[in-house]
Amino acid sequence: MARIELRDVAKRYGSIEVLRDINLEIQDGEFIVLVGPSGCGKSTLLRMVAGLEPISSGDFLIDGERMNDVRPRDRDIAMVFQSYALYPHMDVARNMGFSMEIRKDPVADRKSKVSQAAETLGLTKLMDRLPKALSGGQRQRVAMGRAIIRDPQAFLFDEPLSNLDAALRVEMRLEIARLHQKLSATMIYVTHDQVEALTLADRIVVLNGGDIQQVGSPLELYERPANKFVAQFIGSPTMNVVPVTGTDAGVTAGNGAEIRLPDQLLTAQAKELGVRPEHIDVVDNGTGDLSAMADVVEHLGSDTNIYVNVEGIGSMMVRKHGNIPVKSGERLGLRIQTENAHLFAEDGTALRRVA
Ligand code: ADP
Ligand code: MG
């Protein structure tokens, strides 16, 4: 097991800086998810931890020991990639045990470890199969088995579920969560999918353009995003953000509507109001904070998504639990649950609550 530290880590390719000021302390046994849009530097960061990519500056430590210049195979870290990278001519058992085979570990040891990992991952019946005779999910399990067998101090996953279909992704996500409970090893998991981040992580690290935007538990990021980027990246459907002018007691929207906000929200510097689709109530037309017209209504059974147009503001989205009998073209009132509202300053920073 391992405690991993990154101190002022940066990565440059020539004059291009792709990661900067990365400071992160990962506790022993913690499940950390790095999340962010494509190209933000997630894989690069993970590859530096694995030793597959040199660190341009800063320090990388495992259990207090500087590891920057330690070779990948001496770092005692196992990585699982999006492309499973299995050996096509080896069966499942040999693919899983190959690292022990090249290390010339005793055959009996290897056999027992392989069968134990196969048991954990539900692969026992597939040991003689070649990768080409496996489904995507099974191949991904073999790749995980190969990592487990090394019994590493830490596991790194780079978008391991991206090649799987939606149903299988959910199933494998659960398996990874169970695997973490069982092994209680330190895990760093990279994804661009905020749902995977919210469901798997002890703590999430949100990256954008090579910078850490925020580090926190899933609920911290959902309830207290540090800025507009995190606010709109975490949570689905995306948070509505509308331009406003801050007043003493609340904000005024572009169409002149005044929205009173709780005292503990600092409203004076507010330039934008953020409100999640699930934090808007549908009320009778003429009441509430805003008057809107229903555009597209999606009935999902469990929820209703209502896309609305608000005159002078633009389109917004409302999500209500259950089946709400709203029709396209209907006029509605919207009431904002102001206790769950967010305010952003000119530069996108979230205005802190006083209380
Ligand atoms: P992510 O995994 O978040 O999608 P990456 O870590 O793969 O992003 O890439 C981060 C940035 O670094 C991207 O802008 C990418 O173009 C750049 N990059 C990655 N590898 C190289 C390289 N070998 N040379 C130059 N730029 C690179
Ligand atoms: Mg990547």
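Just so it is clear, the values below take in all heavy atoms, side chains as well, and ignore hydrogens, waters and symmetry mates. Note that ligands are numbered from 1 as they come in the structure, with each ligand's atoms numbered from 1 the same way.
Using a 4.0 Å cut-off between charged nitrogen and carboxylate oxygen, Arg141 and Glu171 count as a salt-bridge pair. Taking the charged nitrogens against the carboxylate oxygens, Arg66 and Asp59 do have a contact shorter than 4.0 Å, which makes a salt bridge.
In the displayed structure, His89 atom NE2 is contacted under 6.0 Å by more than 12 heavy atoms of other residues, nucleotides or ligands.
Nearest to atom 4 (O) of ligand 1 among the protein's heavy atoms is Gly39 N, 2.6 Å. With respect to atom 26 (N) of ligand 1, the closest heavy atom belonging to the protein is Tyr13 CD1, 3.3 Å. For atom 12 (O) of ligand 1, the closest non-hydrogen atom of the protein is Val18 CG1, 3.2 Å. Of the protein's non-hydrogen atoms, Ser43 CB, 3.8 Å is the one closest to atom 7 (O) of ligand 1.
In this structure, Arg146 is not positioned above the aromatic face of Tyr84 in the sense of NZ or CZ being under 6.0 Å from the six-membered ring centre and within 45° of the axis.
Within a 4.0 Å radius of atom 16 (O) of ligand 1, the protein contributes no heavy atom. Note that atom 22 (C) of ligand 1 has protein non-hydrogen atoms nearby, at separations under 4.0 angstrom.
The heavy atom nearest to atom 3 (O) of ligand 1, considering only Lys11, Met48, Lys42, is found in Lys42.
Residue-ligand proximity: Gly36 is placed with every non-hydrogen atom at 4.0 Å or more from ligand 1.
Among the atoms of Gln82, no N, O or S atom falls under 2.8 Å of the Mg ion (ligand 2).
Gln214 and Asn227 form no side-chain donor-acceptor contact under 3.5 Å, judged by distance and modelled atom types alone. Asp347 and Thr349 share a donor-acceptor pair across their side chains, judged by distance under 3.5 Å alone.
Contacts between Thr44 and ligand 1 below 4.0 angstrom, taking non-hydrogen atoms only, involve backbone and side chain alike.
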Verdict with reasoning, Glu5 to Arg3, per salt bridge (charged side-chain N to carboxylate O under 4.0 Å, His left out): CA-CA 7 Å; Glu5 280 170 88; Arg3 187 166 53 86; 3.0 Å; yes
